[in-house]
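Here, residue 1 is the first one in the sequence, and each next residue gets the next number.
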Amino acid sequence: MKIKTLLLTAAVLMAGALSAQAGTNPGDMIPRAGTAGYIISDRPDVLYRLFGKDPAGVWRLRAKAQSELDKQFEGNRDSDEARQQQAILDYIFNSYEAVERLEIGLLDVTLDGPKYLVYLKTRKDHRIDPKPEFLAEFLQKTESIAGIAYHLYQPDGAETKESPDTPDGPDEGGRDEAPRPAVPVGGMDRFYVAAVPGGLLVSNFESSIRSALETVASGDFSEALSGRAEFKEWMAVRKPHDFSLFLIGRELQAIIERLLPSEEQAGMDTEGVYREVDSWLQLREYRYMVMDIDYDDAANGLEIAAAFKTRKNTRLLEKLAIEPAEFKMLRYVPEGAFLTAGLQLGDAPKTFANLKELAYDAEGWFKELAEGRNRPPEMPEKLPPEEGRMPREKSVPAGNLDLQELLKAAMQEAGEPEEHSGENPSEVDKVLSELDKQLKEFGTSLDELLSVLGSEVVLYMAPDEARMDAM
């Protein structure tokens with residue numbers, strides 16, 4: 001059943017693309033307002049390239065899937081189930097081979113999970129059946145807007161009603177019962193699919209698919225992500241990649257702030273903790289953050305590059321950003337080293353002091369979170385005693401009465417954080433104390449070590465050829 005559901009999910013994401021007609025630019029199909037994240041693959045055949053081809057010249061990924069299917073139905077290839085499974089397999093891989101470009105927009109995050117819009121741009125003269133026969137049992141409805149049809153597919157077990165498209169999530173009339181998605185990932189319990197000229201659109205919210213289809217029908221992409229200043233700035237210098245992730249700082253911050261639980265809900269001042277974290281991160285100052293991933297066929301390895309652009313320096317960058325410089329120590333790495341890593345330190349003592357400052361702050365954040373999680377819920381106010389009865393009083397035994405211990409116990413019971421003392425030192429101080437202790441055994445100290453460190457550190461691993469020959 002799980003295999004069938006996963007096959008259905010893959011099939012729905014591929015279903016519906018029509019023959020490629022008018023091409024679109026990256027970001028044209030994704031809405032401009034509210035979109036916090038965007039994924040694009042200019043070479044979606046990367047999964048094929050990752051596994052390569054077999055001696056017969058067939059992509060190994062497809063050949064392996066076919067081999068497993070043949071093995072499953074060996075001696076029973078003419079059965080109805082075998083023919084259906086073969087049709088599903090052919091549909092998925094033929095659809096995958098028809099995709100020229102993949103785009104995914106993270107439009108929002110709701111109580112039911114992420115709200116997304118997927119666009120599969122098909123290759124020229126390729127067509128994929130929008131309503132394959134094996135998906136008919138999952139088709140819930142077909143409607144249209146601006147003359148373009150869209151279809152709702154729901155896997156078995158996804159007996160839910162969609163929550164309303166509001167920033168605050170579902171209201172009293174938005175859902176009859178808790179969702180029970182067939183795929184245990186938020187937002188994967190329903191798929192709105194629409195074939196458009198040149199490709200396919202998929203979303204988990206009806207309002208998103210309808211809005212996208214209205215844009216396609218009008219041909220006006222002025223309100224699309226492609227028109228946003230941060231996106232245009234990135235695309236102006238971007239080159240094609242196997243996979244790229246693009247994030248907009250202000251939109252991410254807006255989502256986080258909207259999803260923060262109240263103090264009544266969380267039992268702690270979550271907004272206060274977030275403000276402390278934000279004093280370091282300051283996501284609103286990041287115009288965009290980008291990660292590019294490429295598979296190098298010749299080297300059989302991955303190339304990963306990350307970059308970001310800010311409006312001004314954030315506290316995190318001011319404290320920890322190191323100006324890029326040449327690794328001069330690389331000249332000492334011997335030939336044949338199979339792993340080399342380098343780290344720019346800048347001014348080592350200053351960098352270490354800034355890291356300590358961040359560590360102390362982070363320790364405070366985590367303690368506040370832990371205390372809030374372990375804090376007992378507030379008890380309701382005590383009701384007045386029944387008329388004619390006096391409230392019962394607890395007796396206190398005579399003898400040794402330690403008011404300090406009673407007060408400390410009451411504070412712990414109420415969830416009040418304990419101050420650091422000799423009995424309860426900071427975990428950061430503990431680690432630093434242990435490090436100093438270890439260094440003293442070698443006749444040095446942390447201060448001495450930092451004073452002699454240069455501006456870079458280079459590590460490498462090389463094989464011991466003599467030992468390998470002796471084995």
Side-chain angles (χ1 to χ4, degrees), residues 6 9-10 13-14 24-30 35-53 59-62 64-65 92-93 95-107 109 113-123 185-188 199-200 202 225-226 228 230-249 251-252 255 281 283 286-310 316-317 320-322 324 327 338-344 459 461:
L6 291 174
T9 301
L13 289 174
M14 294 294 183
T24 57
N25 296 317
D28 278 352
M29 293 295 183
I30 310 300
T35 296
Y38 171 80
I39 293 173
I40 180 173
S41 174
D42 304 281
R43 298 186 287 261
D45 65 342
V46 61
L47 290 178
Y48 270 170
R49 293 188 287 109
L50 187 62
F51 295 96
K53 294 184 176 181
W59 291 111
R60 283 195 175 92
L61 190 62
R62 182 164 189 166
K64 177 65 174 177
I92 290 173
F93 283 101
S95 300
Y96 175 62
E97 293 168 10
V99 177
E100 179 180 314
R101 187 176 74 231
L102 165 69
E103 298 178 52
I104 304 174
L106 174 62
L107 313 186
V109 178
K115 178 180 179 181
Y116 57 82
L117 180 66
V118 179
Y119 175 55
L120 302 175
K121 186 179 186 302
T122 52
R123 301 180 187 279
V185 178
M188 301 295 283
L200 166 75
V202 180
L225 181 64
S226 56
R228 183 158 182 161
E230 299 95 332
F231 189 84
K232 291 169 69 175
E233 185 178 341
W234 172 53
M235 292 302 296
V237 297
R238 181 182 180 272
K239 297 179 180 179
H241 291 282
D242 289 343
F243 177 93
S244 292
L245 172 64
F246 173 81
L247 301 171
I248 301 174
E251 300 296 346
L252 285 175
I255 289 176
L281 294 181
L283 285 175
Y286 287 80
R287 287 184 60 80
Y288 58 80
M289 294 163 276
V290 175
M291 176 179 289
D292 298 317
I293 302 177
D294 291 288
Y295 175 66
D296 188 332
D297 303 56
N300 194 28
L302 290 176
E303 296 179 356
I304 303 176
F308 55 83
K309 188 166 185 178
T310 61
L316 185 67
L317 296 178
L320 299 179
I322 307 297
F327 279 99
F338 57 84
L339 177 63
T340 304
L343 179 66
Q344 293 285 349
L459 306 173
M461 295 179 66

For Phe93, ring-ring contact (aromatic ring centres under 6.0 Å, His included) partners two or more places apart: none
Considering non-hydrogen atoms only, spot the tightest contact between Arg101 and Asn25 and give its length. NH2-C, 3.7 Å
Lys53 side chain reached by Tyr48 side chain, heavy atoms, under 4.5 Å: no
Going by the rule side chain to side chain donor-acceptor pair (under 3.5 Å), which residues pair with Lys64 if we only count those two or more places apart in sequence or in a different chain? Glu68
Kindly write out the residues that satisfy ring-ring contact (aromatic ring centres under 6.0 Å, His included) with Tyr38, not counting sequence neighbours, or none if the list is empty. Phe231
Apply the test side chain to side chain contact (heavy atoms under 4.5 Å, CB included) to residues Leu459 and Leu343: give CA-CA distance (whole Å), side-chain angles for both, the deciding distance (0.1 Å), then the verdict. CA-CA 9 Å; Leu459 306 173; Leu343 179 66; over 6 Å; no
Among residues at least two apart in sequence or on other chains, which ones pass side chain to side chain donor-acceptor pair (under 3.5 Å) with Lys309? Glu233
Nearest 0.5 Å, please: how far is CG in Leu120 from CD in Glu103? 9.5 Å
Got more than 12 heavy atoms from elsewhere within 6.0 Å of CE, Met235? yes
My understanding is that only residues two or more places apart in sequence, or in another chain, count here; which of them pass salt bridge (Lys or Arg N to Asp or Glu O under 4.0 Å) with Glu303? none
Rounding to 0.5 Å, atoms CD (Glu251) and CG (Leu106) come to a distance of 10.0 Å
Using modelled atom types only, decide if a donor and an acceptor are shared between the side chain of Thr122 and the backbone of Val99 within a distance under 3.5 Å. no
Dump the intermediate steps for side chain to side chain contact (heavy atoms under 4.5 Å, CB included) on Ile30 and Leu107, then the final yes or no. CA-CA 8 Å; Ile30 310 300; Leu107 313 186; 4.0 Å; yes
Return the CG to CG distance between Asp242 and Asp297, rounded to the nearest 0.5 Å. 7.5 Å
Applying side-chain contact (heavy atoms from CB on, under 4.5 Å) to Phe243 and not counting sequence neighbours gives Ile39, Leu245, Ile293
Salt bridge (Lys or Arg N to Asp or Glu O under 4.0 Å) partners of Arg238, counting only residues at least two apart: Asp42
For Leu117 and Met29, which heavy atoms make the closest approach, and how far apart are they? CD2-O, 3.1 Å
For Phe308, enumerate each residue passing the ring-ring contact (aromatic ring centres under 6.0 Å, His included) test, keeping only those at least two apart in sequence or located in another chain. Tyr286
What are the two closest non-hydrogen atoms of Glu97 and Arg62, and how far apart are they? OE2-NH1, 3.0 Å
Arg60: what forms a salt bridge (Lys or Arg N to Asp or Glu O under 4.0 Å) with it, not counting sequence neighbours? none
Please report the closest heavy-atom contact between Pro26 and Ser226, naming both atoms and the distance. O-CB, 3.5 Å
Would you say Tyr96's side chain and Pro44's backbone share a donor-acceptor pair under 3.5 angstrom? yes
Could you work out, with side-chain contact (heavy atoms from CB on, under 4.5 Å) as the rule, every residue matching Glu230, not counting sequence neighbours? Arg228, Phe246, Ile248, Arg287, Tyr288, Arg311
Can you sort out the partners of Asp292 under salt bridge (Lys or Arg N to Asp or Glu O under 4.0 Å), two or more places apart, ordered by chain and number? none
Exercise: identify the closest heavy-atom pair between Ile40 and Trp234: CG2-CH2, 4.1 Å
What pairs with Asp296 under side chain to side chain donor-acceptor pair (under 3.5 Å), at least two apart in sequence or on another chain? none
How long is the gap from CG on Leu102 to NZ on Lys121, to the nearest 0.5 Å? 13.0 Å
